[in-house]
Structures are given as structure tokens and as C-alpha cells.
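Take a look at the structure set out below.
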Amino acid sequence: MQQIPSVDLRDFLSDDPTRKQKFVNEIGKAYEEIGFVALKGHFLDDKLVEDLYAEVRNFFNLPLETKSKYEIPGIGGQRGYVSFGKEHAKGRSAGDLKEFWHFGQYVSEGSKYENEYPDNVQVTELPNFNPVGKQAYQMLEKTGIYVLRALALYIGLDEFYFDKYIKDGNSILRPIHYPPITDEPKDGAVRAAAHGDINLITLLMGAQGKGLQVQNHNGEWVDAIAQPDELMINVGDMLSRHTNNKLKSTIHQVVNPPRELWGSSRYSIPFFMHPVSDMSLNCLPECIDENNPKLYEDITAGEFLHERLVELGLIKK
């Protein structure tokens, strides 16, 4: 496959069973074949997108000493600011050429997960930063719920199978700034080295320009470029594992631009959709048969996340 398929969530949301099934078939086939789709018809309106990018730029334009006070020690970068070069891909030591921020779950009152997550960090210099971030978080989460409902139907599960695991899940909204490249990057560092995502699915804003590349089954790198009204949505390792690799978590990267564009920043905003920590990721019986024996050991989402954060260098063993 040489390009990323495009699907329209409005088909799934329509009252027409044929259109709904068309969406289920299209997204399921794409996730079996390449693990990525470009999605129209999501819940982010143009104003919210503009406001979010404006707030994100405002934050990353703050002086480093101001940003640094929002880097919270001891929580593995789960909330607030993570400074330039801190994170690296699994199996690499060179830090990625990026800085980022984390918004986390807005837990429902009285939830048993209330004490499991660190609090969101409030940026006092920018009064609109946190409210706009929360609104974007909730619209991306809403979009993701419908994508997972379609995938549940594709696998042969109840449509609402994932809902209970997503509610109060450990999802993260991560605005990323890839600053201008001023010197030749050391040790082959790139903006984001080749990696698979940890979570169930990732909904990405900001894939409109060149940079994001996806590796197809032949090992070739395919440019993943979304239209202005599209989100790029991919399968993460948790969903791949839970479906016994029926739905593919695809290796992807953000390459450095040509030298003439080194002077420009790039912003992208992924929403990493995580379940609650006690969700079982054991391979679903619906995805195991004679030709597809069980590939993975039993594990919970929380155990799997901890393993991966250690591998990424965000928490120490």
C-alpha cells in the first residue's frame, strides 16, 4: 500500500446501516493492511483547532525558564512540560528533537481512578491554555470512542465493548513542538525516531505537511499527509496485542525536513487513547484460530504501559 486510506466518520454516525457498515469495513481493512487512516467528520471544529494551535504556540514561545517550572519531577512526564531531547524511541539513545506538553484525563467525580493520575498542570501565564486544551482533549476522546466502536464491530465484538475501558482511561493529549534545527543533528537524531505507539489508538492533528512517514508491510516508507479537515488515526501496540496482531500497529517516524526548511518549527498534536490500567490486553478469542495462534503473553494495560515507559527512558526501573 503506497498511500494512507481516507474514511469519513459521518458514514458511521449516519442512520443508514449500509453507510455504517461501509465505514466499519473500510477502517478495519485499512488497519489490517497498513494500520493508519485519514479521518474526516471528526468532532473538532475549525475554531477549536485554530485556538488550540494558537495556545500551543504561545506556550512554546515562553522563555525556557518559564516553561521549565512546569516540568514536574517524579511523574515520568505524565503531565505538564517535557523539555527538549528528553524522550527517545525504544532501542535508541539519541533524544528526539522535540519538546512537548501533556494534558491528561479529566476524571469523573467519585471515579475509582481519581487518585491514579497526577493532576493536570495549570499554566498561569496563559489563561486560555488549559480550558482550550481540555476542550480539544474531550472532542478527540469523543472521536476515538466512535472509531473504537467501529473496530469492535469489525472484530466481531459488541459495538460498545471498549466504552467501559475508555471512560476515565489514561489518555494523553500531547502538543509537540519540533524547534528549528540550528546545527547538524548528532548521532542521527531526528524529530521523532521510528517507533510504534504504546496505546490503543492515536488521533493526530497536524499531519498536513511532509514529515510523518509510515512503514508499509514491504518495509517501504510512505508519506502520511492529511487533508486540512482530516485527523490521522493509527493503531497502537495495546490494540494490536489485544487483537492478536489482526489490527496492525505500524512503525512510523517524523523525519527532519530538507536543510532549506531547518529554520522552521513544526507543531503536531497527537491524542494517545489509553484504557484504564486494569483492562486486560489478553489476546481476544475472536482473533485466535488455527492459522493465527496466540502471539502474546497475558498482561494488563497498566503493566504494559509501565514496561514501555521504562524502555522510552521516561521512568527509571
Side-chain angles (χ1 to χ4, degrees), residues 44 46 48-72 77 79-103 121 123-126 128-130 132-133 136 172-195 197 202-215 221-228 230-232 234 251-272 312-314:
L44 291 165
D46 291 347
L48 179 54
V49 172
E50 277 170 34
D51 289 351
L52 182 61
Y53 274 107
E55 291 303 323
V56 165
R57 285 194 189 93
N58 290 342
F59 176 78
F60 288 119
N61 285 336
L62 291 171
L64 183 57
E65 59 270 23
T66 305
K67 291 185 286 192
S68 296
K69 73 181 185 184
Y70 296 113
E71 191 154 22
I72 313 297
R79 300 290 183 274
Y81 178 62
V82 177
S83 52
F84 185 78
K86 276 270 170 75
E87 188 180 64
H88 58 78
K90 179 180 172 181
R92 286 177 70 105
S93 57
D96 289 341
L97 306 178
K98 66 189 183 197
E99 55 179 346
F100 53 91
W101 178 272
H102 276 160
F103 295 101
V121 178
V123 177
T124 52
E125 291 82 359
L126 301 171
N128 292 324
F129 180 77
N130 291 93
V132 169
I172 294 279
L173 178 61
R174 173 191 278 193
I176 304 172
H177 174 221
Y178 302 102
I181 299 169
T182 49
D183 301 305
E184 191 72 45
K186 293 185 174 63
D187 302 325
V190 292
R191 284 181 159 176
H195 65 284
D197 292 342
T202 301
L203 297 84
L204 177 68
M205 301 170 63
Q208 275 74 27
K210 266 198 165 187
L212 177 64
Q213 295 184 331
V214 176
Q215 196 170 42
W221 289 103
V222 177
D223 286 324
I225 302 173
Q227 296 301 313
E230 290 178 331
L231 297 173
M232 199 63 77
N234 63 281
I251 298 295
H252 51 285
Q253 64 184 5
V254 180
V255 294
N256 297 334
R259 190 177 281 269
E260 63 270 19
L261 297 177
W262 277 13
S264 59
S265 283
R266 178 187 172 103
Y267 295 90
S268 75
I269 308 178
F271 179 77
F272 300 114
L312 293 176
L314 284 174

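Scope of the values below: all heavy atoms of this structure, side chains included, with no hydrogens, waters or symmetry mates.
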What pairs with Gln213 under side chain to side chain donor-acceptor pair (under 3.5 Å), at least two apart in sequence or on another chain?
-> Asp223, Gln253
For the pair His102 (side chain) and Gly77 (backbone), establish whether a donor and an acceptor sit closer than 3.5 Å, ignoring hydrogens and angles.
-> yes
Indicate, with yes or no, if the rings of Phe60 and Tyr178 have centres closer together than 6.0 Å.
-> no
Is there a side-chain contact (heavy atoms from CB on, under 4.5 Å) between Val123 and Tyr81 once you walk through the steps?
-> CA-CA 10 Å; Val123 177; Tyr81 178 62; over 6 Å; no
Phe103 pairs by ring-ring contact (aromatic ring centres under 6.0 Å, His included) with which of Phe59, Tyr70, Phe129?
-> Phe129
May I ask you to test the [X]-[Y] pair for a side-chain heavy-atom distance under 4.5 Å?
X	Y	value
Ile225	Leu212	no
Val49	Met205	yes
Glu125	Lys69	yes
Leu52	Leu44	no

Scan residues 48-63 for pairs that pass salt bridge (Lys or Arg N to Asp or Glu O under 4.0 Å), counting only residues two or more places apart or in two chains.
-> Lys47-Asp51
Step-by-step side-chain contact (heavy atoms from CB on, under 4.5 Å) determination, Arg266 to Ile176 = CA-CA 8 Å; Arg266 178 187 172 103; Ile176 304 172; over 6 Å; no
Go through the steps for Leu62 and Leu126 under the test side-chain contact (heavy atoms from CB on, under 4.5 Å), then give the verdict.
-> CA-CA 10 Å; Leu62 291 171; Leu126 301 171; 4.2 Å; yes
CG of Leu48 to OH of Tyr53: how many Å apart, nearest 0.5 Å?
-> 11.0 Å
